[in-house]
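Letters A, B, ... are given to chains in the order of the sequence lines, protein chains preceding strands, and every chain is numbered from 1. Only heavy atoms go into these numbers, but all of them, side chains included; no hydrogens, no water, no symmetry mates. Keep in mind that what you see is a predicted model, and the values were worked out from it rather than measured.
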There are 2 protein chains.
Amino acid sequence: MKNKRVANDTYQEIINSTLSAMAEDGIANLTTKSISKRADVSTASIHYFFATKDNLIYNSFVFVIKSIRLDMLTARKGQADPIKRIKGAMETHFSAMHLSDEAAYIWPQLWVHAGCDERTAKLVRVFGARMISNFTYDLCEAGMGRREARLTAIELRALVVGLWLEKKVTKYAAPQEYREVLDSVFSRLVEQTKGNRK
Amino acid sequence: MKNKRVANDTYQEIINSTLSAMAEDGIANLTTKSISKRADVSTASIHYFFATKDNLIYNSFVFVIKSIRLDMLTARKGQADPIKRIKGAMETHFSAMHLSDEAAYIWPQLWVHAGCDERTAKLVRVFGARMISNFTYDLCEAGMGRREARLTAIELRALVVGLWLEKKVTKYAAPQEYREVLDSVFSRLVEQTKGNRK
DNA sequence: TGTTAGTTATTAACTAATCAGTAAGGTAAA
DNA sequence: TTTACCTTACTGATTAGTTAATAACTAACA
């Protein structure tokens with residue numbers, strides 16, 4: 001009954017299992033055994049594909065970042081209105097289509113890991129910088145000055161992260177309240193840029 | 001050379017060491033041994049004071065939350081202007097006076113732990129809810145309607161969390177830019193409530 | 001066409017190190 | 001002399017990672 005799967009399946013299954021184990025029990029309780037159980041492979045297979053546990057964790061994070069970046073790119077495409085482009089990107093962050101609900105708990109783990117692993121830190125930094133850069137571009141197109149656009153982009157990015165964290169992790173407001181906040185931010189943004197579109 | 005410290009010193013030293021070990025190596029690499037080395041006590045002492053490692057982690061988090069809450073209360077006191085009260089609270093979050101710079105890395109760990117430990121989740125929830133409640137009260141006093149005040153409070157709270165996380169963990173903007181963002185948010189807030197103070 | 005040689009995927013069984021927690025006893029202050 | 005504090009020395013469980021063997025497929029060749 002060996003070799004029942006192709007290699008690529010097993011590789012991805014190990015990553016999926018890593019993410020779901022991490023989401024459920026936290027990175028502190030993540031073991032090769034718990035991962036191997038979920039993926040229904042031996043612990044040796046994990047080392048066959050990823051060499052070390054650390055490397056597996058890093059590659060799982062790479063997968064998450066890539067997935068979200070892809071989703072955001074798709075959401076941006078074919079959207080002519082720059083403010084709507086930002087809205088789409090922010091909402092993608094909330095829904096995270098390609099990822100399971102479990103995997104959404106990965107973000108805080110990513111931040112934690114970035115705090116003590118330079119490779120992961122770089123991953124997070126590059127992703128965030130690109131998001132701010134995109135938002136700045138969009139806001140300029142909507143008629144904002146360069147400086148104001150950048151500051152607003154930083155603010156929007158922080159807002160996504162903050163709202164997302166509160167909704168997913170701490171949840172002390174009702175779910176629809178987070179949506180209302182997001183909506184009111186966008187009507188303010190539309191108001192702010194009204195009249196000076198290029 | 002035994003018994004060189006009083007119990008309370010050791011107790012607190014273990015908590016401090018837990019926090020700094022967590023900040024440096026992450027909760028995943030937190031061991032009783034690494035803590036005992038930092039605190040310069042035996043691992044048995046940790047169990048003498050806290051029984052289990054889990055309990056030690058929880059109590060360390062309690063200490064962090066209590067410290068920040070105390071700082072925020074102090075910052076609020078004697079400040080008549082409601083908007084400045086909010087500003088003070090948000091800035092406290094950034095400076096976190098009583099805590100070392102290291103300990104500031106604790107927040108993401110707290111969120112992560114809250115994701116898989118109900119006791120910690122409650123701690124975080126109660127703290128955040130109180131902050132939103134305070135902000136809502138202040139905004140009402142500044143002349144906002146109840147509903148708008150609550151939504152703005154949620155937004156401000158998310159902004160603190162987001163900006164703080166980006167500044168401390170991901171840092172892809174320059175340090176003074178985060179300050180500029182915070183300042184522009186407050187001038188907007190002053191503008192928004194101008195004229196309708198009670 | 002069937003044999004074989006080689007590659008890839010996978011495992012059971014192991015190891016050496018490390019882990020959280022315990023037991024028993026020592027020390028100093030009250 | 002009791003009590004609170006703290007240690008050394010241990011334990012059994014668990015850990016990440018290794019090894020040696022093998023199953024399953026691939027392609028070259030006879």
Side-chain angles (χ1 to χ4, degrees), chain A residues 1-63 109 112-113 116-117 119-120, chain B residues 1-63 109 112-113 116-117 119-120:
Chain A
M1 270 301 178
K2 285 189 180 180
N3 234 7
K4 58 187 167 184
R5 288 193 281 231
V6 266
N8 214 315
D9 276 6
T10 308
Y11 181 95
Q12 189 57 49
E13 185 52 43
I14 291 173
I15 285 187
N16 292 344
S17 299
T18 304
L19 292 172
S20 75
M22 197 148 48
E24 204 160 301
D25 313 320
I27 208 169
N29 303 308
L30 189 72
T31 63
T32 50
K33 198 184 174 187
S34 73
I35 295 164
S36 73
K37 257 190 187 169
R38 276 171 197 264
D40 198 28
V41 295
S42 73
T43 58
S45 281
I46 292 171
H47 289 99
Y48 174 77
F49 283 106
F50 298 95
T52 63
K53 184 187 162 191
D54 227 58
N55 195 46
L56 165 60
I57 292 175
Y58 175 72
N59 278 284
S60 302
F61 285 148
V62 168
F63 170 71
Q109 320 261 0
V112 165
H113 202 66
C116 55
D117 178 63
R119 215 163 40 142
T120 306
Chain B
M1 271 301 176
K2 287 186 180 182
N3 233 6
K4 59 188 165 183
R5 289 192 283 233
V6 267
N8 212 317
D9 276 6
T10 308
Y11 181 95
Q12 190 55 50
E13 186 52 43
I14 290 171
I15 285 187
N16 292 344
S17 300
T18 305
L19 293 173
S20 73
M22 196 148 51
E24 203 159 304
D25 313 319
I27 208 169
N29 303 308
L30 190 70
T31 64
T32 49
K33 198 184 174 185
S34 72
I35 295 163
S36 72
K37 256 190 188 169
R38 275 170 198 266
D40 197 30
V41 294
S42 72
T43 59
S45 281
I46 291 171
H47 289 100
Y48 174 76
F49 283 105
F50 297 96
T52 64
K53 184 189 164 190
D54 227 58
N55 196 45
L56 165 61
I57 293 174
Y58 176 72
N59 278 285
S60 301
F61 285 148
V62 169
F63 170 72
Q109 320 263 358
V112 164
H113 202 67
C116 55
D117 177 63
R119 215 165 37 143
T120 305

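The nearest whole Å value for the distance from the NZ atom in Lys37(B) to the C1' atom in dC6(D) is 19 Å. The CZ-C1' distance, from Phe50(B) to dT22(C), rounds to 18 Å in whole Å. In this structure, Tyr48(A) places its OH atom 13 Å from C1' of dT22(D), rounding to the nearest Å. As rounded to whole Å, 15 Å separates atom C1' of dT10(C) from atom CD of Glu13(A). Summarising the geometry, the separation between CD1 on Ile14(A) and P on dG17(D) is reported as 14 Å, rounded to the nearest angstrom. Nucleotide dG17(D) holds its C1' atom 14 Å from the CG atom of Asn55(A), rounded to whole Å. The CD1-C1' distance, from Ile46(A) to dA9(C), rounds to 14 Å in whole Å. Atom CG of Asp9(A) is separated from atom P of dC25(D) by 14 Å (rounded to the nearest Å).
Here the closest heavy-atom approach between residue Ile35(A) and residue Ile14(A) is recorded as CG2-O, 4.0 Å. Nearest approach of Thr32(A) to His47(A), heavy atoms of both residues: CG2-CE1, 4.1 Å.
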Donor-acceptor list for residues 52-61 of chain B side chains, cut-off 3.5 Å, not counting sequence neighbours:
unit_1: Thr52(B); atom_1: OG1; unit_2: Asn55(B); atom_2: N; d: 3.1
unit_1: Lys53(B); atom_1: NZ; unit_2: Leu30(B); atom_2: O; d: 2.8
unit_1: Asn55(B); atom_1: OD1; unit_2: Asn59(B); atom_2: ND2; d: 3.4
unit_1: Asn55(B); atom_1: ND2; unit_2: Phe50(B); atom_2: O; d: 3.1
unit_1: Asn59(B); atom_1: ND2; unit_2: Asn55(B); atom_2: O; d: 2.8
unit_1: Ser60(B); atom_1: OG; unit_2: Leu56(B); atom_2: O; d: 2.8

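Listed by first and then second residue, the salt bridge (Lys or Arg N to Asp or Glu O under 4.0 Å) pairs that reach into residues 25-34 of chain A are Asp25(A)-Arg38(A), sequence neighbours excluded.
By the side-chain hydrogen bond (donor to acceptor under 3.5 Å, both in side chains) test, Thr31(B) is found to be paired with Ser34(B), residues two or more places apart in sequence or in another chain being considered. Ser17(A) pairs by the side-chain hydrogen bond (donor to acceptor under 3.5 Å, both in side chains) definition with Glu13(A), not counting sequence neighbours. Qualifying side-chain hydrogen bond (donor to acceptor under 3.5 Å, both in side chains) partners for Thr120(B), counting only residues two or more places apart in sequence or in other chains: Asp117(B). Contacts of Tyr48(B) classified as ring-ring contact (aromatic ring centres under 6.0 Å, His included), with partners at least two apart in sequence or in another chain: none.
In the set dT7(D), dT10(C), dT19(D), dT19(D) carries the atom at the smallest distance from any side-chain atom of Ala44(A).
Put simply, the side chain of Gln12(B) reaches to within 4.5 Å of the side chain of Ile15(B), judged on heavy atoms.
Ser45(B) has no side-chain polar atom (N or O) that falls below the 4.0 Å cut-off from OP1 or OP2 of dC6(D). Within the 4.0 Å cut-off from OP1 or OP2 of dC5(D), not a single side-chain nitrogen or oxygen of Thr10(B) is found.
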Provide a list of protein-nucleic acid N or O atom pairs under 3.5 angstrom, restricted to nucleotides 11-13 of chain D.
none

Scan nucleotides 16-21 of chain C nucleotide by nucleotide, 5' to 3', and note B when protein non-hydrogen atoms come under 4.0 Å of the base, S if they reach only the sugar-phosphate, - if neither.
---SBB
